[in-house]
Colleague: 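Handing you this structure, nothing more for now.
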Amino acid sequence: MNASEMLALDRAHVFHPYSTFINPPPVFPVKSARGVRLTLTDGRELIDGMSSWWSVIHGYSEPSINAALHEQIEQLSHVMFGGLTHEPAVRLAQRLVELTPAGLESVFFADSGSVSVEVAIKMALQYQQARGQAGRQRLLTVRGGYHGDTFGAMAVCDPVTGMHSLFTGSLSQQLFAPRPGIRFDGAWNPADIADLAALLAAHASEIAAVIVEPIVQGAGGMWFYHPQWLRELRALCDQHGVLLIADEIATGFGRSGQLFACEHSGIAPDILCLGKALTGGYMTLAATLSTREVAETISRGDPGVFMHGPTFMANPLACRAALASIDLLLANDWQSQVRRIECGLGQGLAPARALPQVADVRVLGAIGVLELHKPVDMRTIPQAFVSRGVWVRPFGRLVYVMPAFVMNDADLATLCAAMVEVVSTLP
Ligand SMILES: *Cc1c(COP(=O)(O)O)cnc(C)c1O
């Protein structure tokens, strides 16, 4: 099939994410990908700044993950997880328990990040019910969050940017505190969490859990907040008998400079959601971890089981990709890699501070953000990046990148220069 046939069929039949079926903006046909480069069907190569939405941390077509998957596909591609188990799942569960913050000992495998958030919410509700706190059915979160596109997850996304008005009546009404306001490296002030503390105290008897993205608010605004905020939140949850759910779907596996962003604060959640980079971006897989206390309390309650079970739960190929990706991450000295990327982003994006279009420049770990004064035009901006040989997909006022940890300094410099240049041409 040639590229124009492909694009015609795409336009005729395919919905793209957050896109329209009528006169949709252009999409670019990818033929292959290797390392940090996407190859388009016309042969052009793009340096990928997005890692396919945080996930491809080792680059594309990584030899050791390819080899693990070839081996696994000959042995067991899939089998139901009800009443059966297999080595990739068991080994991965053990690995996740070892690597994640202390106390998380049970692993529930899910098929996407949003589903792992649904699972976390159901766990929190079943847990409270099982301990005789059936009145605790609500969630508390902060503004500016993003937790996925399914209904339970949507209900805790930012109420303004998170589609709430579209689905009023179908969405659970959750409680929202202001977003953490103090920057990651700012000076801590306890007033930053005072409103949340008051809301939690006033509604504690109705609240099952608090759910937040630790340190990095991702798709809700690419905002990096102060580690003390999360420490205070952990203490408040304990004080009020409320579970803490950490959504590390975007931050997990080194992206923020710690293996898990909770480690910036030295805290452990009661429930942890993982996804995105879990398989190195090869397959869709997510996991919801919980403490033994949460898992056992649910199991002692009525009906004596946790009520969830996706068809493709713990898919062996996906688990095997995850094991290979984690092995590679640990073998690669990811901390130096991420520190090097953080440095490169800091230097490469610094010139943007002088641009009148730019309101703020921030970098944390392997995440670089230009916050603009005005939203970008999604019909024209992708082409501007593609013609400069890079793949960057902004949203709203945010032009951001999260490169693979293996991107070399030259490619990183090219990527940053393209960001600064494209932004400098905007009205
Ligand atoms: C992407 C994301 C999700 C949703 O994951 P999907 O795999 O897209 O369903 C949830 N929470 C956070 C923080 C995310 O970044």
Side-chain angles (χ1 to χ4, degrees), residues 15-19 50-57 100 108-124 139 141-159 161-163 171 174 179-180 209-225 230 233 244-256 258 260-262 264 269 271-289 308 310-315 318-319 321-322 325 364-367 369 393-396 398 400-402:
F15 251 128
H16 282 267
Y18 296 99
S19 193
M50 305 304 291
S51 297
S52 286
W53 282 331
W54 314 80
S55 66
V56 185
I57 53 177
T100 54
F108 187 99
F109 290 110
D111 28 20
S112 74
S114 300
V115 172
S116 80
V117 170
E118 301 290 328
V119 165
I121 294 171
K122 284 170 77 170
M123 279 183 178
L139 299 169
T141 187
V142 290
R143 293 178 183 273
Y146 177 76
H147 298 284
D149 290 352
T150 52
F151 273 82
M154 251 196 312
V156 284
C157 287
D158 183 82
T161 60
M163 304 171 272
L171 275 188
Q174 310 295 17
R179 80 185 320 167
V210 174
I211 179 169
V212 294
E213 295 156 277
I215 307 300
V216 176
Q217 289 191 298
M222 304 297 295
W223 176 246
F224 314 140
Y225 64 82
L230 195 58
L233 177 64
L244 177 57
I245 304 172
D247 178 349
E248 294 234 19
I249 292 167
T251 48
F253 305 100
R255 179 60 67 180
S256 73
Q258 295 286 344
F260 298 96
C262 282
H264 287 290
I271 300 178
L272 174 71
C273 298
L274 300 175
K276 290 203 162 99
L278 173 56
T279 64
Y282 268 69
M283 329 261 307
T284 176
L285 180 70
T288 311
L289 281 78
H308 207 91
T311 304
F312 288 100
M313 182 167 179
N315 173 263
C319 290
S325 172
L364 180 68
I367 315 167
V369 184
R393 187 171 168 80
F395 67 84
L398 299 165
Y400 67 104
V401 287
M402 59 288 256

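What's counted below: heavy atoms across the whole structure, side chains too, no hydrogens, waters or symmetry copies. As the structure lists them, so they are numbered: ligands from 1, and atoms in each ligand from 1.
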Colleague: How far does CG of Leu285 sit from OG of Ser55, to the nearest 0.5 angstrom?
Modeller: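 With rounding to 0.5 Å, CG (Leu285) is 12.0 Å from OG (Ser55).
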Colleague: Is the Trp54 ring parallel, tilted or perpendicular to the Tyr400 ring (thresholds 30°, 60°)?
Modeller: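 It falls in the tilted class, 30° to 60°.
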Colleague: Can you tell me which residues line ligand 1 if we count any heavy atom under 4.0 angstrom from one of its atoms, in chain and number order?
Modeller: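 Ligand 1 is contacted, at a heavy-atom distance under 4.0 Å, by Ser112, Gly113, Ser114, Tyr146, His147, Gly148, Glu213, Asp247, Ile249, Ala250, Lys276.
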Colleague: So Met402 and Met50, do their side chains get closer than 4.5 Å, heavy atoms only?
Modeller: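 When only atoms from C-beta onward are counted, Met402 and Met50 do touch, with a gap below 4.5 Å.
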Colleague: With sequence neighbours left out, write down each residue that passes side chain to side chain donor-acceptor pair (under 3.5 Å) with Tyr146, or none if nothing qualifies.
Modeller: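 Tyr146 satisfies side chain to side chain donor-acceptor pair (under 3.5 Å) with Asp149 once adjacent residues are dropped.
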Colleague: Short question: side chain of Gln217, backbone of Trp223 - any donor-acceptor pair under 3.5 Å?
Modeller: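 It does not hold such a pair.
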Colleague: Say whether, by atom type as modelled, one donor and one acceptor occur between the side chain of Glu248 and the main chain of Cys262 under 3.5 angstrom.
Modeller: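 At least one qualifying donor-acceptor pair exists.
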